[in-house]
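Since the structure is predicted, the reported quantities are computational estimates derived from the model, not experimental observations. Note that these values count all heavy atoms, side chains included, but never hydrogens, waters or copies made by symmetry.
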Amino acid sequence: MAAKRKVCLTGPARITVAQDALRNAGCELVLGKPQDDFRDFRYERKELIKLVGDCPILFPAGRDIIGAEILDSCPDLQAVVKSSIGIETVDVEAATDLGVICCNSPTPENYLGVAEATIGLMVAQFKRLKFNEAFLRTHGWKAPESRGSLLLGKTVGIIGVGRIGRNVAKRLGPWGMKIFGYDPYVKQETVADFGIEMVGLDDLLKLSDVVTLHVVLTRETRAMIGMRELKLMKPTAFLVNTSRGPAIKEADLVQALNENVIAGAALDVFAEEPMGLDNALRKVDADRLILTPHSIGTNPGSMEAGQKMAAQSILAILDGKIPDTVVNPLAIPRWKERFAP
């Protein structure tokens, strides 16, 4: 029996491209509240369960938490599809047990945008751009005593060597930088062409002049960088995180920066988003810490491309097919058992 061609979109305000594609394909859309900025909005569980109803596809936006209770309470739900790379707001383990497939949308516009932004943050830290600009505004035309550093000959350590990590390496290699990588799921021969030498995490932290995180949020990566790891880094080293905030223990990072354990950091992601006005990171010396609101990799084409890929995944699932964007392939046998024609 063919699935109903119904799709629940929880945050329709900014998903117009996907809406058009799905409507043109004959889908019935169940739209959530027209929030102006759905990234800062969350549905209550009961409210979201009622909204999903008998829809076979859930297209959550922003910060909607798709937990086990929601997945278990929607027996017609076949798939959760997101238009971004990150899918940590979905309980993928619970979905897998239920045979609900989960898809993300790793478009080049998205992962290349983050790779470029990561390098931009590295350059800003090594060249002390924030400090130099503030110095000029405050002191006028006078050279500061502390200058920037040359990236040539420096070592970058990449934690998480997926699409983003590999493209960071691909761009930094010609700059004459030594590149180490750590990823327990990636073999050396897989990344050799990117100039990456795979090492253990402790060795990467000890040897790198800048450490950059490109991990998905799992039990293994949550809080993987704390005071122990920060103390392994060089006191002249920088830390960059454009992946997921909870990968770093923020309180430990604040202490490490205030006590000169490391030279500085640049963060685009945080343990709690949006970041509260009372967050201790805001009080760290601005010369040593760059903060951006989880947007630095976004570009005019990234959101549109993500929506197009998500719409393609949704239509494939409604046609009884498995898209390439599935992040929990272990769910496929159970999905076929429950939903396949």
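- A salt bridge between Glu229 and Lys249 is absent, with no side-chain N of the basic residue lying under 4.0 Å from a carboxylate O of the acidic one.
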Checklist entry - Checking side chain to side chain contact (heavy atoms under 4.5 Å, CB included) for the pair Lys127/Asn132: CA distance, chi angles, key distance, verdict? => result CA-CA 8 Å; Lys127 301 302 181 183; Asn132 287 332; 5.7 Å; no
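- Side-chain atoms of Glu116 never come within 3.5 Å of backbone atoms of Gly297 as a donor-acceptor pair (strictly under, hydrogens ignored).
- Shown here is Asp285, whose CG atom has more than 12 heavy atoms of other residues, nucleotides or ligands within 6.0 Å.
- Salt-bridge annotation for Arg334 and Glu337: present, with a side-chain N of the basic residue lying under 4.0 Å from a carboxylate O of the acidic one.
- Arg5 and Asp319 are joined by a salt bridge, as a carboxylate oxygen and a charged side-chain nitrogen come within less than 4.0 angstrom of each other.
- Side-chain polar atoms of Asn167 and Arg163 form no donor-acceptor pair below 3.5 angstrom.
- Of the charged side-chain nitrogens involved, at least one lies within less than 4.0 Å of a carboxylate oxygen, so that Asp202 and Arg228 count as a salt-bridged pair.
- The closest side-chain donor-acceptor pair between Asp268 and Thr292 falls under 3.5 angstrom.
- Under the 3.5 Å distance criterion, with hydrogens and angles disregarded, no donor-acceptor pair is assigned to the side chains of Thr107 and Lys308.
- A salt bridge links Arg219 with Glu93: the closest approach of a Lys/Arg side-chain nitrogen to an acidic carboxylate oxygen falls below 4.0 angstrom.
- Put simply, the side chain of Arg128 never gets that close to the backbone of Asp287: no donor and acceptor are under 3.5 Å apart.
- Within a 6.0 Å sphere centred on CZ of Arg282, other residues, nucleotides and ligands contribute more than 12 heavy atoms.
- We find that Asp209 and Lys234 are joined by a salt bridge, their nearest charged nitrogen and carboxylate oxygen being less than 4.0 Å apart.
- Side-chain polar atoms of Thr325 and Ser313 form a donor-acceptor pair below 3.5 angstrom.
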